[in-house]
Visitor: 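To start, I am sharing the structure in question, which I have written as structure tokens.
Every chain is numbered from 1, with letters handed out A, B, ... down the list of sequences. The figures that follow rest on heavy atoms only: side chains count, while hydrogens, waters and symmetry mates do not.
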Amino acid sequence: MNPTTPATGPDVQQLLIRRHLRQGWGILLLFVVLGVVLETLLAFKASFYNRADQETWRLMWRLAHGHGTLLGLLHLAFSFSLSHLPERHFPQPARLMSFCLTAASLAIPGGFFLGGLGSNEGDPGIAIVLVPMGAVPLLAALSLLFFKLKSS
Amino acid sequence: MAMIHGNPASRRLGLSILLFSALVGWLSWGGRSTQTSSVPPLSTHQAEGYVGAAACKTCHPGAYASWKGTYHSSMTRSAHVLSDGTASQVPQLPVTLSLDDRSFHIERKGQDLFVTGPDLDQVGRELSRIQSVTDASQEFKLRKSAEVWSQVSDVTQALPLLTGSHHYLAFWVKGAAGRPLRQLPFVYFLDEKLWIPRREAFLQPPTALPHIASFNSNCIQCHTVAGRPRQAEGTDPVTGEFWERYESDAADLAIACEACHGPGRRHVEHFKNPIARWLAHSSDSSQEHNSKTLIFVPRRQTPERSSAACGQCHSYFVPRTFDSWWNDGFSRTFQAGQTLAASRTLLRAEAGADLHLEQVNAPAESLFWNDGSIMVGGREYNGLIESPCYLLGEGERKMACVSCHTMHQGKPEGQLRPLAEGASENAMCTQCHQTPPGHSRHAPDSVGSLCVNCHMPKTSYALLKGIRSHRITSPTQEPSRSQAHDPPLACTLCHTDRSRAWLEQQLAPFLQRPTPLPDPQATTLPWAVEQALTGDAALRAVLLFALASPEALQTAGRAPFDVVQNQLQNDSYAAIRHMARRLAQHIEQRSGTSSHSEHTPLPSISPELLRRLLENQDQTPIVISE
């Protein structure tokens, strides 16, 4: 798309659909790989990972894997939903929903992942604050999409 | 709705799913119900701010898991561990054991254990009554005590509680409501897979009056967290009979988190707030940490207070106030982080000190050696506070229990900090003492160069073995061992083939006391052998164990042990007989034990000399029921 030309509704729609297809499959790939790594560490009883005092770390990374994978699927569902959204919702609020979903996809699994890295016995590291911070745009995106689809 | 109003096939499918779900639910519930104890061993309380170890697990999974790997955690357990796969060593059941012509049949019913045999509570009460008679002779009491067993009828009672997990299991019988848990008169030795009468597992003379131990009136104080006997007693106004009743409870079974860290409720409540947790994680690790975290962390506290947390159990004491103890135990008068003075009177071998012998039910000779060192194993705090490292040390160089031990790392045996941290065992001492080369006067890397073998010899006794004295001493500073009831010299415990004259000669250049004059009566007999045959029961037990130790076998071979073992397997003390048998088995099991040929041959010991030594054996009664 030429950045100097104002995007039309159908252009933005196609752009967002392609973007979230890419993001969805990319995030899925990333977090499925993380899942495989975690399973491997469990399977081979990697001592640094399986120690009792690393319980919080394990939990945080499992949550990062789980949330990341589900958010990847959510991107794909969002991409599919965009094609059913009336044209009047493009570029806004569709762009806002897209931004919120992308921000949540970075903050939520990232918060769990980094919180796990900085964990201290029973508590995750301070990066865990990214999780509630990511939950806000996620809720916003889901709410917007729900109400726009309902009203259309 | 479709299932109810649909076609018959749908209804059948729906009904099948419903029935299947109900079956799965019932099985799940049934499985869960077998996990719960039908006979709870002891009620739990949350008085005085205690919350129980389960509350610690969520936030401290590593500390919880490392504690679970210690013998502290399995000190007191529900007997269910023998059925649910938790315990690694389980006695073969059912089993029938005999004692004084009475049998005890122990069997498993579901997850519960039961024993059919004489009503132990009734036996215990009768024995106590006989022993409390003040104007009767020992012989009379023994005879009457022996008669008690035949007067009591058989009952089937639950065995809901176990104590011990390292050396042996003790079993506790639950009697009628309000009655104390009574100890089964047998213990199960784990390494030998052998049942032994309890009275034969403890060091006591054959003339000792029998008794049936009560968990609620004694063991509860150290085998649980904040155990409360909650005993009431009185006299029935109609019959005039004395009665006593127990409603005992504890914050936790075993030696759990709050035994060493103090009551946890304030800590738990405070740290439900994540911001409080984050602030605590970012705080320093100084002593101020204890006040910030509202919990006691021994290694961050002063040596006096951190050691008192261990000393609450690892010392010989009597309660400061008996009346309050019988109700609340020490739950109100002591919590980790405090000194022991308010709750306990520590028994010390100072001149004129009251040893409270009536309360501890043991002769003075059973508590301390002549030099004032505690003789009873498991009472290491008594030794620590008499040590120069504690008395003279200051600040970080004042020795505390945590200087050498760690409760959350390393092997459960000893829980030694240097070994857990990858250092050598000598690091316990070298963290403060820089010794010149040759200090040990033994070959480097030999057992003689291990600091503790000379400065903390195994001269305490418990559990059929010698245990390291925790009163730090030096062989060159100790007085000559010439009195009866002196502890054995550290050198004797390895150089078991050497005479007293030889040992004195080796020590002479380093002694900080006058060298004793040569004894014209001195024999060439190895001193360890001589003392093991002529000493009192404590000395015999400690030396018998030393003679079979890897250090002694490496230094002197097994000939000295064989001489002593041959005699002490017929000792008047059953515990010493058991030791003689067990230790001989242990030596046989160790392959490659050197024989006589590699070591200095022992001087011949004629039957006449042996007889004379045994005739001179010290018959002072010794009772160590630990």
Visitor: Q415(B) versus H72(B): any side-chain heavy-atom pair under 4.5 Å?
Guide: yes
Visitor: Any sub-3.5 Å donor-acceptor pair from S81(A)'s side-chain atoms to A77(A)'s backbone N or O?
Guide: yes
Visitor: Quick one: pull up CG in D249(B) and OG in S331(B) and give me the separation to the nearest 0.5 Å.
Guide: 8.0 Å
Visitor: Within a strict 4.5 Å, meaning less than it, do heavy atoms of the S83(A) and I17(A) side chains meet?
Guide: yes
Visitor: Where along residues 32-59 of chain A does a heavy atom come under 4.5 Å of chain B, listed by residue number?
Guide: A52(A), D53(A), E55(A)
Visitor: Residues in ring-ring contact (aromatic ring centres under 6.0 Å, His included) with H67(A), at least two apart?
Guide: F112(A)
Visitor: Can any side-chain N or O of H314(B) pair as donor or acceptor with the backbone N or O of G378(B) at less than 3.5 Å?
Guide: yes
Visitor: Can you confirm if the aromatic rings of Y71(B) and H166(B) lie within a centre distance of less than 6.0 Å?
Guide: yes
Visitor: Any donor and acceptor pair, going by atom type alone, linking the side chain of H223(B) with main-chain N or O of L253(B) inside 3.5 Å?
Guide: no
Visitor: Ignoring hydrogens and geometry, is there a side-chain-to-backbone donor-acceptor pair from S403(B) to M399(B) under 3.5 Å?
Guide: no
Visitor: Backbone N or O of G337(B) within a donor-acceptor pair of the R305(B) side chain at under 3.5 Å?
Guide: yes
Visitor: Ignoring hydrogens and geometry beyond distance, is a side-chain donor-acceptor pair present between T102(A) and Q23(A) at under 3.5 Å?
Guide: yes
Visitor: Is a donor on one side and an acceptor on the other found under 3.5 Å between the side chain of S307(B) and the backbone of C401(B)?
Guide: yes
Visitor: For chain A, which residues of residues 257-268 of chain B have at least one non-hydrogen atom nearer than 4.5 Å to it?
Guide: none
Visitor: Say whether, by atom type as modelled, one donor and one acceptor occur between the side chain of R77(B) and the main chain of S74(B) under 3.5 angstrom.
Guide: yes
Visitor: Counting only non-hydrogen atoms closer than 4.5 Å, can you tell me which residues of residues 45-67 of chain B sit against chain A?
Guide: T58(B), C59(B), H60(B), P61(B), G62(B), A63(B), A65(B)
